[in-house]
Number of protein chains: 2
Amino acid sequence: MASHARRSQTVKVRDVAREAGVAIGTVSRVLNDHPTVTRELRERVERAMAHLGYEVDVTAQSMRAGRSRLVACAIRDFDIPRFALFIKEAEAVLREAGYTLLLASTTNRPDVEIALLSAFRRRRVDGVMMTLTDEQHRDVREALSEAPMPVLLIDRDRIEALDRVTADHRQGARLATGHLLGLGHRRIAVLVGDTKAFPSRSRLEGLREAYAAAGVVPDPRLLRDNVLSSEEAYRATASLMSLADPPTALFVAAMDMLGGCLRALRTMGIAVGDGISVVAGSDSDLAELHTPPITAIAWDLAAMGRHAATMLLERMRGEEIERGRGLTVPTELIIRGSTRPVAN
Amino acid sequence: MASHARRSQTVKVRDVAREAGVAIGTVSRVLNDHPTVTRELRERVERAMAHLGYEVDVTAQSMRAGRSRLVACAIRDFDIPRFALFIKEAEAVLREAGYTLLLASTTNRPDVEIALLSAFRRRRVDGVMMTLTDEQHRDVREALSEAPMPVLLIDRDRIEALDRVTADHRQGARLATGHLLGLGHRRIAVLVGDTKAFPSRSRLEGLREAYAAAGVVPDPRLLRDNVLSSEEAYRATASLMSLADPPTALFVAAMDMLGGCLRALRTMGIAVGDGISVVAGSDSDLAELHTPPITAIAWDLAAMGRHAATMLLERMRGEEIERGRGLTVPTELIIRGSTRPVAN
DNA sequence: AGTTATAAATGAACCGATTCATTAGCTCCA
DNA sequence: TGGAGCTAATGAATCGGTTCATTTATAACT
C-alpha cells in the first residue's frame, strides 16, 4: 500500500547538485533567482530539477531563511455575507506574490486573538491582517506590540503605528440617517454591533452628525447596540416594534443582521416600506432582491481585500514607507423602495 | 525603531535547557509530553519556559518531525453563500486538534488544483480537503494519487480510495422535481452548474428519476447546464423566459445562482409564484425572506464541515480504518410560497 | 607578462527543533 | 557485594534548505 510514505527518497538540493554537477549552493542560488549565476549553469540546474522531479521543501526554506511565506487573516467569523469577497481578493493578490493564506476566526474573543497572534508567531508567519474585538483591550494591544511581523488592521481604529484599511462607515451612516430624516422620520430605530470596535463607533458618529445637522434630538431608547448575531437582531427588532410608540424607520447598521430583522418584521406582520422604512448597513442579494428592495449602504469589499493584501506586502518587503498608513474606501447609499416618507 | 527584528535573542530549547539545568532532549520531551520524564523535572522545565517566555518554533518542529500541523482546504470560490459554514466548522474542529487551516480557491481550474496540490506538498501539509472541477481530469487524478498526504473530497464522486463527504443532491433534486410535477408543472426549466462535477450530475440523476417516476418526458431545451455564476444564471433565465413557449417553473439547481435568476425575473416583470414557480437548489436568507418565500433544498453544511475535518483527522492519525469512506448528509425540501399549482 | 579587479562558483556552518543510541542512577536479589 | 534489569536523562546527529567567507576563473590594465 505504501500509503503515505513521505520520508522515502524524496529529491533534495543535494541530488540536484550531483545530477547537474554543481555545488549545493549553486542550486540554491538558481532556486532563488540570484543574479550571480550564468545562464548556462542555470539551465543545467533547471534541467536536472525537471529530470529528477525536484520540489523545494518550503519548511526547510523557512527554517533557515526565517520567513514562511505565510500570511494570516483572522476575522470574527467567516460567514459574514460578502466578506468572502475581501478574503477572495486578498488571497489572489497574496498568491500572486508567492504567499499562502492562513485563515482563522476569532469568534469575537480577545483571548482567542492573543492566542492566534502567538500561534502565528510560532509559525513564523510573515504578515497578519485581522480585525479586533476591542481595540482598547490591554492584553491584545500588548500582544500586537510584541508581534515580530507586520500586522494590518481590517476596519479598525488606529493602533500604534499599524497599517489599516477601513470603510467609511461614518459617511454611510450619515447618508442613511440623513436620508431617513429627510423623509420625515423622527423615530428611527438603530441596531449596531459591537461598540468596542471601529465600525459601530463610526456609524454612531455618522448618526449623531446627521441628527445634529438636521437639528433633531434622537430618542436613546430606540438605539440597540452590541447586537452581534442574526438571532439577537431578531429579538431586538421584535422588542423595538413592541414599544408603545414604535419606530417608523429601522436602520440595521451592521454587516450581518438584516436577515434577523426582516424575519422579525415578517413574523409581526409589519410590511417593509409601508409599515416601516428599512435601511441595511451593508448591501447584499437579500437587500437587493427583497420586496420591496432595501435601501442599503454599499462599499467595495473586494477593493478592500486587494488593498489590504497590497499594503501588507509592501510592509513585509520592509520598504521605507511611513508607518501607520490608513486607506479608507468610500461608502455610498443605494436608495431603494424600502425607505418612504413617514406616514401622515 | 527596531521594526521587525526577529532573529534577535529569541528563546530556544537550548536556553530553556540551560536555565532549567537539563539536557536539550529533556526539554523536547517535556514539550511533547513524553512519558519518560519525572514530574519534578517537568515542572522545572516548565518553570524555565514560563520564566524565559519560551515559544516553540513550529517551523523547526516541522523540519525535523516531517509534519506541519497544517491542513489545507481548497474550494472553487469562497463567496458561495453558506459555504462559509462548512469552513467555519471544519476550522473549529481542526483548531481543537492543534491544526491550522490553510485556505485556497481553485477558481474552478484543474491546473490551479494541480498547482495547489504541489504547493501543499512543498509545505508538508498534513492533510487536504478539497473540491475538484472535473473528477475525470487525468492530470488531476495523477496529482491526487501522488499526493503524499491524505486527501478528502468535498461533495465529489468517489476517486480511488479517497474519503469523501457529500450532500444527497440526488434526493434533493428528486424531491424538488417531484414537487413541481405534482403541482402539474410540465415545462420545468432547470439550471445546473458544472456537469463535470458530482453535485450537478447527481441533481440531473434525481431529476430524471422524478420524471421517470411520473412518467413524464422532459423537454431538453429547458435544461441549461454549466451555469457557473450569478451573471450566467441571469442570462440563462432571461433566455429561457423569452422562449416562445416559456417554462412554468424554474429549478435553480446550484448553490449560488438564485440571485441572478431572481434579478432576471424581476427585470422581465415576471412574478415569482404567480408568473413562475421557483425552487432554489440551496437554502439562504434570500430564499427564506423573498416575497414570496422560495421553496428550497436544504442540508446541513456545518455538519458536513465537522465530518470532513473529523474524518480527515482520523485518516491523518493513520488509524486502521477502511479506505475510501463516504459520508452523505441528507437533503430536504422546504416548501414555501414560490411553488404553486400550474396555471389553468 | 604580471598584477589587479571583477565575476562566478564552492561548500561548511547554520537555522531550532526531534530522535535515538548511550550513559547514569536505582532497585532488587542471589 | 556484585551483577542483572529498569528507568530516566543525555547530547550528537539529523531534517533540507540558505548564507557567506573563500577559492577559482576571467577580464582589464600597465
Side-chain angles (χ1 to χ4, degrees), chain A residues 5-46 48-49 52-69 98 121-126 148, chain B residues 5-46 48-49 52-70 98 121-124 126 148:
Chain A
R6 176 195 292 279
R7 219 10 49 95
S8 56
Q9 73 228 62
T10 86
V11 183
K12 304 152 199 188
V13 272
R14 183 184 4 278
D15 306 310
V16 175
R18 194 185 317 115
E19 169 85 8
V22 299
I24 287 182
T26 304
V27 177
S28 173
R29 274 155 56 233
V30 169
L31 276 175
N32 294 286
D33 284 324
H34 246 262
T36 67
V37 53
T38 53
R39 191 151 63 88
E40 190 244 323
L41 225 46
R42 161 183 308 281
E43 278 167 8
R44 215 160 84 211
V45 169
E46 280 169 350
M49 294 205 274
L52 297 175
Y54 172 76
E55 277 186 331
V56 64
D57 183 319
V58 181
T59 304
Q61 288 188 310
S62 313
M63 177 71 188
R64 178 68 227 239
R67 49 138 190 63
S68 60
R69 299 217 162 275
R121 209 160 44 217
R122 291 195 302 264
R123 282 202 183 273
R124 299 194 188 180
V125 159
D126 296 337
Chain B
R6 175 196 291 279
R7 212 24 36 99
S8 57
Q9 73 225 60
T10 87
V11 184
K12 304 153 201 192
V13 271
R14 185 186 4 277
D15 306 310
V16 175
R18 194 186 316 113
E19 170 85 9
V22 299
I24 288 182
T26 304
V27 177
S28 174
R29 274 155 56 233
V30 168
L31 276 175
N32 295 284
D33 284 325
H34 246 261
T36 67
V37 52
T38 53
R39 190 150 64 89
E40 190 242 323
L41 224 48
R42 160 181 311 280
E43 278 167 6
R44 214 159 85 210
V45 169
E46 280 169 348
M49 296 205 278
L52 298 175
Y54 171 76
E55 276 186 332
V56 64
D57 184 319
V58 181
T59 303
Q61 289 188 311
S62 312
M63 179 70 188
R64 179 67 231 241
R67 47 139 192 63
S68 60
R69 298 217 162 274
L70 286 174
R121 208 161 44 216
R122 290 197 301 266
R123 282 201 183 275
R124 298 193 188 180
D126 295 336

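Throughout, a chain's letter reflects where its sequence line sits, starting with A, and its residues are numbered from 1. No hydrogens, no waters, no symmetry mates; every other heavy atom, side chains included, goes into these values.
In terms of phosphate contacts, B:Arg29 brings no side-chain nitrogen or oxygen within less than 4.0 Å of OP1 or OP2 of C:dT18. Distances shown here put every side-chain N or O of B:Tyr54 at or beyond 4.0 Å from the OP1 or OP2 atom of C:dG16. When the side-chain nitrogen and oxygen atoms of A:Ser28 are compared with OP1 and OP2 of D:dT18, one or more of them lie within a distance under 4.0 Å.
The residue B:Arg14 sits apart from the nucleic acid: no heavy atom pair falls under 4.0 Å. Backbone-only contact: A:Val56 has heavy atoms under 4.0 Å from sugar-phosphate atoms and none from a base.
With sequence neighbours left out, A:Gln61 forms a side chain to side chain donor-acceptor pair (under 3.5 Å) with no residue at all. With sequence neighbours excluded, the residues forming a salt bridge (Lys or Arg N to Asp or Glu O under 4.0 Å) with B:Arg18 are B:Asp15, listed by chain and number. Residues that satisfy the salt bridge (Lys or Arg N to Asp or Glu O under 4.0 Å) test with A:Arg14, not counting sequence neighbours, are absent from this structure. Listed by chain and number, the residues in a side chain to side chain donor-acceptor pair (under 3.5 Å) with B:Glu46 amount to none (sequence neighbours excluded). B:Arg44 meets the salt bridge (Lys or Arg N to Asp or Glu O under 4.0 Å) test with B:Glu40; sequence neighbours excluded.
A:Asp126 places a side-chain N or O within donor-acceptor distance of the main-chain N or O of A:Ser68, the cut-off being under 3.5 Å. Put simply, the side chain of B:Ser62 gets close to the backbone of B:Val58: a donor and an acceptor are under 3.5 Å apart.
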Q: Take A:Val13 and A:Tyr54 through the side-chain contact (heavy atoms from CB on, under 4.5 Å) test and state the conclusion after the steps.
A: CA-CA 8 Å; A:Val13 272; A:Tyr54 172 76; 3.5 Å; yes

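A distance of 12.5 Å separates NZ of B:Lys12 from CG of B:Leu52, quoted to the nearest 0.5 Å.
The side chain of A:Arg64 lies closest to D:dG17, out of C:dG16, C:dA17, D:dG17. Distance from the side chain of B:Thr26 is smallest to D:dA9 among C:dA17, C:dA9, D:dA9. Relative to the side chain of A:Ala65, the nucleotides D:dA8, D:dT18, D:dG16 differ in distance, and D:dT18 lies closest.
Following rounding to the nearest Å, A:Glu55 (CD) and D:dG16 (P) show an atom-to-atom distance of 14 Å. Remark: P of C:dA17 and CZ of B:Arg67 are 13 Å apart, rounded to the nearest angstrom. Rounded to an integer number of Å, the gap from CE of B:Met63 to C1' of C:dT18 is 11 Å. Atom CZ in A:Arg123 sits about 14 Å away from atom C1' in C:dA17, given to the nearest Å. Whole-Å rounding puts the A:Arg124 CZ to D:dG17 C1' distance at 12 Å. Taking atom CG on B:Asp57 and atom C1' on D:dC15, their separation rounds to 13 Å, with Å as the unit. For the pair A:Arg69 CZ and D:dG17 P, the interatomic distance rounds to 16 Å; values are reported in whole Å. Between the CG atom of A:Leu31 and the C1' atom of D:dG17 there is a distance of 9 Å, rounded to whole Å.
Applying the salt bridge (Lys or Arg N to Asp or Glu O under 4.0 Å) test to every pair with at least one member in residues 19-33 of chain A, sequence neighbours left out, gives these pairs: A:Asp33-A:Arg42. Evaluation of the salt bridge (Lys or Arg N to Asp or Glu O under 4.0 Å) test over residues 53-63 of chain B, restricted to residues two or more places apart or in two chains, returns A:Arg121-B:Glu55, A:Arg124-B:Asp57.
Listed here is the closest heavy atom pair of A:Ala20 and A:Val45: CB-CA, 4.1 Å. Residues B:Thr59 and A:Arg123 share a closest heavy-atom pair of OG1-O, 3.7 Å. Contact between B:Val11 and B:Val16 at its shortest, heavy atoms only, is CG1-CG2, 4.1 Å. Contact record, B:Leu31 with B:Met49: CD2-SD, 4.1 Å, taken as the closest heavy-atom pair.
Of the residues in residues 37-46 of chain B, not one comes within less than 4.0 Å of DNA chain C through any heavy atom. If you check residues 15-25 of chain A against DNA chain D, the residues with a heavy atom closer than 4.0 Å are A:Ile24, A:Gly25, listed by number.
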List every contact pair, protein side and nucleotides 24-26 of chain C side both N or O, where the distance is under 3.5 Å.
none

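Taking five base pairs at each end of the helix from C:dA1-D:dT30 to C:dA30-D:dT1, the local helix axes there meet at an angle of 60°, rounded to 10°.
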